[in-house]
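Here the structure is laid out as structure tokens; the discussion comes afterwards.
Throughout, protein chains are lettered first and strands after them, A, B, ... in sequence-line order, and every chain is numbered starting at 1. Predicted model, so just to flag it, every value in this text is computed and none were measured.
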There are 2 protein chains.
Amino acid sequence: MPRAGLTPTLVAEEAARLSDEEGFHSLSLAAVAKRLKVATPSLYKHVDGLAGLRREVALLGANGLGERIQRAAVGRSGPDALRSTAEAYRRYAHEHPGRYTALQRLPLLAGAEPVLTADPVRVLAEVLRGFGLPEDQLVHAIRALRSALHGFVDVEAHGGFGLPEDVDETYALLVEGLVRALRQWPGSAGRTNDGTEP
Amino acid sequence: MPRAGLTPTLVAEEAARLSDEEGFHSLSLAAVAKRLKVATPSLYKHVDGLAGLRREVALLGANGLGERIQRAAVGRSGPDALRSTAEAYRRYAHEHPGRYTALQRLPLLAGAEPVLTADPVRVLAEVLRGFGLPEDQLVHAIRALRSALHGFVDVEAHGGFGLPEDVDETYALLVEGLVRALRQWPGSAGRTNDGTEP
DNA sequence: GCCTTAAAGCTAATGCCATTAGCCAAGCGG
DNA sequence: CCGCTTGGCTAATGGCATTAGCTTTAAGGC
């Protein structure tokens with residue numbers, strides 16, 4: 001019988017696909033093993049149990065999200081960059097719901113901070129550059145931005161927006177609210193171009 | 001041997017306590033049964049399996065959160081009501097993390113919408129009354145407000161704010177950002193008193 | 001005060017999953 | 001061609017949810 005030829009990367013990627021397709025709650029060693037046509041215990045040669053598998057999916061999610069919003073921000077600045085980034089953020093969460101869910105728990109998984117080739121938080125920090133915030137407000141502003149984007153995406157993913165009103169429109173309004181809030185952030189240098197005028 | 005004297009309510013409340021103390025992920029029929037000094041299958045006489053148990057905890061969470069923020073808002077209006085409500089919202093999530101986590105999944109648990117004695121979303125809607133928003137913007141504003149509050153609390157609960165900067169201060173700044181964003185909401189009647197002046 | 005009876009709580013049994021131990025063979029390096 | 005690393009396997013254990021079916025409690029009618 002020929003070998004299956006698994007690697008840690010192959011296993012993690014299959015797990016991520018499964019998470020996206022069936023939901024993060026459906027991620028199990030047994031399910032991944034079945035997809036790879038392999039017995040469950042075989043996976044232990046490549047990943048560190050279920051906890052390790054989840055961690056790998058979370059890492060793929062963090063890097064994937066980071067790369068996506070990075071690409072969305074490149075060549076833009078200020079409100080314009082924020083709008084583009086916010087759009088990419090939500091789109092990634094829609095396209096990779098399992099990875100996105102996994103990503104949330106990453107901070108709690110203590111241990112040596114592993115290789116994040118593209119840290120989403122760092123990208124958001126760069127996006128906020130163009131808003132002229134004082135140095136000591138940057139961390140607070142990043143946190144607020146993360147909260148708003150994640151909160152929307154999370155509520156949406158849980159079916160929390162039940163009314164018929166257009167959810168895309170709500171998101172656009174939320175992002176514009178963020179732009180306004182950031183332009184008038186305490187201690188800010190003042191108004192920045194809102195990106196809707198030349 | 002005398003009976004244990006369980007009721008659906010008693011079981012649900014013990015489950016909620018366990019969720020808060022050990023984390024929602026630790027909620028299981030076996031764990032609840034052990035706390036109540038009862039065999040696991042006995043619980044099926046009072047709740048509809050694990051899914052039902054989670055649903056009950058979610059309901060306790062929704063009602064608890066609703067009551068808390070309701071009380072915080074009473075007698076206040078506009079930005080003042082928003083600040084008080086936001087504070088109560090976060091405090092509830094801190095004090096009842098298990099219930100709060102359960103609550104998120106409530107919308108997905110399809111079926112007959114059950115008795116919500118105090119719907120948190122309705123309370124938020126009333127809080128937004130004082131901001132003079134046009135009728136057709138109310139739903140969008142409520143969604144934005146929910147997103148921001150939940151997002152912050154959720155990131156915080158997952159240990160997402162790793163830097164040493166004061167998290168309470170970030171929350172206060174986020175809430176002030178919301179106040180600004182809502183006062184200048186598209187189509188709004190204009191500025192409202194920001195609550196920091198008589 | 002008995003006796004019927006609905007229901008509370010139990011034990012036994014099944015099945016799924018994670019995890020560990022230990023076996024076996026594939027396939028690479030010499 | 002040979003040996004050794006290591007990928008993948010089977011077997012076994014233990015936790016959990018769930019169902020079936022039994023026993024006995026204790027409430028209410030008589």
Side-chain angles (χ1 to χ4, degrees), chain A residues 1-60 98-99 101-102 105-106 108-111, chain B residues 1-60 98-99 101-102 105-106 108-111:
Chain A
M1 200 193 306
R3 293 202 177 176
L6 298 186
T7 66
T9 301
L10 276 176
V11 174
E13 281 171 354
E14 192 63 44
R17 267 190 296 274
L18 185 143
S19 295
D20 287 340
E21 292 170 16
E22 312 284 338
F24 184 71
H25 64 279
S26 299
L27 177 62
S28 68
L29 290 171
V32 172
K34 181 176 290 182
R35 276 181 165 232
L36 294 172
K37 299 181 188 307
V38 142
T40 304
S42 305
L43 297 181
Y44 283 81
K45 291 283 162 73
H46 305 285
V47 297
D48 189 13
L50 181 59
L53 192 68
R54 287 177 174 154
R55 191 164 150 283
E56 294 305 316
V57 173
L59 280 175
L60 285 176
R99 288 163 159 94
T101 301
R105 320 185 174 187
L106 196 49
L108 279 186
L109 309 174
Chain B
M1 201 194 306
R3 292 201 176 175
L6 298 185
T7 66
T9 301
L10 276 176
V11 174
E13 282 171 353
E14 191 63 44
R17 266 190 297 272
L18 185 143
S19 296
D20 287 339
E21 292 169 18
E22 312 284 338
F24 184 71
H25 64 279
S26 300
L27 177 61
S28 67
L29 289 172
V32 171
K34 182 175 291 183
R35 275 181 167 232
L36 294 172
K37 299 183 188 306
V38 142
T40 304
S42 305
L43 297 181
Y44 283 80
K45 290 286 160 72
H46 304 285
V47 297
D48 189 14
L50 181 60
L53 193 68
R54 288 178 174 155
R55 192 165 151 281
E56 294 305 316
V57 174
L59 280 175
L60 285 176
R99 288 161 158 96
T101 300
R105 323 188 171 185
L106 195 49
L108 280 186
L109 310 174

As a test of reading the structure: which of C:dT19, D:dA17, C:dC17 is closest to the side chain of A:Ser28, going by heavy atoms? C:dC17
Would you mind telling me which of D:dG8, D:dA17, C:dG9 lies closest to the side-chain atoms of B:Ser42?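 The answer is C:dG9.
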Rounding to a whole Å, what distance do you find between [X]:[atom1] and [N]:[atom2]?
{"X": "B:His25", "N": "D:dC16", "atom1": "NE2", "atom2": "C1'", "value": "15 Å"}
{"X": "B:Leu29", "N": "D:dT19", "atom1": "CG", "atom2": "C1'", "value": "13 Å"}
{"X": "A:Arg54", "N": "C:dT19", "atom1": "CZ", "atom2": "C1'", "value": "14 Å"}
{"X": "B:Lys45", "N": "C:dA6", "atom1": "NZ", "atom2": "P", "value": "14 Å"}
{"X": "B:Leu53", "N": "D:dT18", "atom1": "CG", "atom2": "P", "value": "10 Å"}
{"X": "B:Leu6", "N": "C:dA8", "atom1": "CG", "atom2": "C1'", "value": "8 Å"}
{"X": "B:Tyr44", "N": "C:dC10", "atom1": "OH", "atom2": "C1'", "value": "15 Å"}

Checking all strands, does B:Ala39 fall into the base, sugar-phosphate, or nothing category for heavy-atom contacts under 4.0 angstrom? base
N/O donor-acceptor pairs under 3.5 Å from side chains in residues 29-48 of chain B, not counting sequence neighbours:
unit_1, atom_1, unit_2, atom_2, d
B:Arg35, NH1, B:Glu14, OE2, 2.8
B:Arg35, NH2, B:Glu21, OE1, 2.4
B:Ser42, OG, B:Ala39, O, 3.1

Is A:His46 near enough to D:dG8 that one of its side-chain N or O atoms lies under 4.0 angstrom from OP1 or OP2?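 Answer yes for this pair, as a side-chain N or O of A:His46 is under 4.0 Å from OP1 or OP2.
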Nearest 0.5 angstrom please: A:Arg99 CZ to A:Glu13 CD, how far? 7.5 Å
